[in-house]
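Values below: every heavy atom of this structure, side chains too, minus hydrogens, waters and symmetry copies. Here is how names work: the chains are called A, B, and so on, in the same order as the sequence lines, proteins then strands, and each is numbered from 1.
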There are 2 protein chains.
Amino acid sequence: MSGPDTTAVPRGRPRDAAVGHKVIETVLRLIAEGTPFGDLTMEGIAREAGVGKATVYRRWAGKDALLLDAMVAVDNPAMPELPGTSFRDDLVVAVETIRRRGLAKRDSAMLRNMLTQAQNNPELWRRYHETVIATRRAALRRLLERGIELGAVRPELGSDLELLVDFVTGPMLVRTAFHQDAPLDEGLAERVVDLILDGIAPDPAE
Amino acid sequence: MSGPDTTAVPRGRPRDAAVGHKVIETVLRLIAEGTPFGDLTMEGIAREAGVGKATVYRRWAGKDALLLDAMVAVDNPAMPELPGTSFRDDLVVAVETIRRRGLAKRDSAMLRNMLTQAQNNPELWRRYHETVIATRRAALRRLLERGIELGAVRPELGSDLELLVDFVTGPMLVRTAFHQDAPLDEGLAERVVDLILDGIAPDPAE
DNA sequence: ACGATACGAGACACCTCCGTATCGTAAATC
DNA sequence: GATTTACGATACGGAGGTGTCTCGTATCGT
């Protein structure tokens, strides 16, 4: 049973993939430089990318569609392979990943813009949450569940894993997203992890 | 020595203070409803406030000046009197204050917008940081220092109070600012504080 | 070669905003 | 009552964005 050939043979000059990349790259650069979403214009993007405006509209119906593709194109530094040597080591890697994302201007600027746009553009936020945030949080949930199995995390905390994820990510996220002048030095992840593991109160057994 | 009367007698019809309030109120409402800074226009604000555009310009030189005043006008739910019954109780009040700010749309929306604008409008960010953020963090630093004195916080952590503030505020801030659908129920602050105090690792003495 | 499509450039009509100015009216001082 | 300023409404030119279209040129399949 042979249906109609959906992959119709394209006629005429094919689209130059490099042009599309160039546009996306320009959008990400502008965002990383601090341009808020609201200040981005199709005209400015085309100008900045050295591309005809019609060429941009040929690929994207409008700014929202373009931003959606730009959002997906941010190469989120994925969480690397966990060493697995200990729960603490794995947690350090996870927190260190957040630190590196904070240093990547593209990633953090995109996040800030999404937070601001969230109420105004729920669909964009939904896609961002689904594509980026949910994935990151799911990885952390798995890590924490493993920690409970290993006995490295108090088991009763497993009843609210979401809170646990907030607790683990919060400190480093606040550092990166909020006061952007705060130092993000090398050993930071380890210090944060030790706080997460042991808290700030003195050892009760002491 | 009598200098010139600086409080010159005003002539003509005096300005209506209610008009200024109405404009500020409108700005805060629009921001709380999710309008990003970039989408705010002097024209739209005047229209929405039912006020002549010239009247707005009579009071503020431009959008930045207006936003500056609007920012200051957000009634930040200040940290209430600390009970002082115990360090933990005080910490719960502090974290609870962050939760209540997160529930106040004006406050959280303003924060999100400031974060996005930070790179683009450093002066506005500086003022916001100075007026709002620095004050809040200073109060927390004092609380934590008192905790060290009381022996409720391990003294060696006092070497990096800023990190400690991030650690204490991070979890609740992430919850309020990031995924705005997360539950912010009543007992949340206490649970967060217990995590902050004891960490997630099992009691080593056990 | 030829038709089809893509490309950069730019023109186009339409819209909104900016910041100022001008109305008629209102509210204060002199 | 005369003068001065504030107020809402509205008009104004200028700037810049939107989305479409038309150029001349380039690059593909046939």
Side-chain angles (χ1 to χ4, degrees), chain A residues 4-27 29-31 33-70 113 117 120-121 124, chain B residues 4-27 29-31 33-70 113 117 120-121 124:
Chain A
D5 190 355
T6 53
T7 63
V9 178
R11 314 227 311 167
R13 175 177 174 176
R15 290 191 184 170
D16 186 351
V19 173
H21 294 341
K22 192 160 53 175
V23 172
I24 293 281
E25 200 62 21
T26 301
V27 172
R29 178 174 61 79
L30 290 173
I31 291 176
E33 286 171 0
T35 313
F37 275 14
D39 290 359
L40 286 176
T41 64
M42 297 294 269
E43 188 136 2
I45 290 166
R47 196 189 315 130
E48 201 71 20
V51 153
K53 200 164 43 155
T55 302
V56 181
Y57 277 103
R58 197 173 291 124
R59 287 169 167 76
W60 295 280
K63 197 164 76 174
D64 282 2
L66 173 53
L67 287 180
L68 202 65
D69 277 10
N113 273 287
Q117 284 287 333
N120 209 14
N121 197 335
L124 189 61
Chain B
D5 191 355
T6 52
T7 64
V9 177
R11 313 230 310 171
R13 175 176 176 177
R15 289 192 185 169
D16 186 351
V19 173
H21 294 339
K22 192 160 52 173
V23 173
I24 293 281
E25 201 62 21
T26 301
V27 172
R29 179 175 60 80
L30 291 174
I31 291 176
E33 285 171 359
T35 313
F37 275 14
D39 290 359
L40 286 176
T41 65
M42 298 293 269
E43 190 136 1
I45 290 166
R47 195 190 315 130
E48 201 72 17
V51 153
K53 199 162 46 151
T55 302
V56 181
Y57 277 103
R58 198 173 291 123
R59 287 170 167 76
W60 294 280
K63 198 165 75 174
D64 282 2
L66 174 53
L67 286 180
L68 203 65
D69 276 11
N113 273 287
Q117 284 287 334
N120 209 14
N121 198 335
L124 190 61

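Nucleotide D/dG16 holds its P atom 9 Å from the CZ atom of A/Arg47, rounded to whole Å. In this structure, NZ of A/Lys63 is placed 13 Å from C1' of D/dG16, rounded to the nearest angstrom. For B/Glu43 and D/dG13, the CD to P distance is 16 Å, given to the nearest whole Å. Atom C1' of nucleotide D/dG19 and atom CG of A/Leu66 are separated by 15 Å, given to the nearest angstrom.
Nearest heavy-atom pair, B/Val27 versus B/Ala70, reported as atom, atom and distance to 0.1 Å: CG1-CB, 3.8 Å.
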Listed pairs, N/O of protein and of nucleotides 1-9 of chain C, under 3.5 Å:
unit_1 : atom_1 : unit_2  : atom_2 : d
C/dT5  : O2     : A/Arg13 : N      : 3.3
C/dA6  : OP1    : A/Arg15 : NE     : 3.2
C/dA6  : O4'    : A/Arg13 : O      : 3.3
C/dA6  : N3     : A/Arg13 : NH1    : 3.1
C/dC7  : OP1    : A/Asp16 : N      : 3.2
C/dC7  : OP1    : A/Arg59 : NH1    : 3.2
C/dC7  : OP1    : A/Arg59 : NH2    : 2.5
C/dC7  : OP2    : A/Arg58 : NH1    : 2.7
C/dC7  : OP2    : A/Arg59 : NH1    : 3.0
C/dG8  : OP2    : A/Gly52 : N      : 3.3
C/dG8  : OP2    : A/Thr55 : OG1    : 2.8

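Annotation: side-chain hydrogen bond (donor to acceptor under 3.5 Å, both in side chains) contacts of A/Asp69 (sequence neighbours excluded): A/Trp60. Checked against side-chain contact (heavy atoms from CB on, under 4.5 Å), A/Asp64 has the following partners two or more places apart in sequence or in another chain: A/Asn121. Here A/Arg59 pairs with A/Arg15, A/Val19, A/Thr55 under the side-chain contact (heavy atoms from CB on, under 4.5 Å) rule; sequence neighbours left out.
For DNA chain D, each stem of at least three Watson-Crick or G-U pairs (distances under 3.5 Å) is given as range with range: C:1-30 with D:1-30.
The CG atom of A/Leu66 sits 5.0 Å away from atom CD1 of A/Ile45, with the distance rounded to the nearest 0.5 Å. Taking CG from A/Leu67 and CD from A/Gln117, the interatomic distance works out to 8.0 Å, rounded to the nearest 0.5 Å.
Proximity of A/Thr35 to B/Asn120: side-chain heavy atoms (C-beta onward) are nowhere separated by under 4.5 Å.
For the salt bridge (charged side-chain N to carboxylate O under 4.0 Å, His left out) condition, the pairs that include at least one residue of residues 37-49 of chain B, sequence neighbours left out, are B/Arg29-B/Glu48, B/Glu43-B/Lys53.
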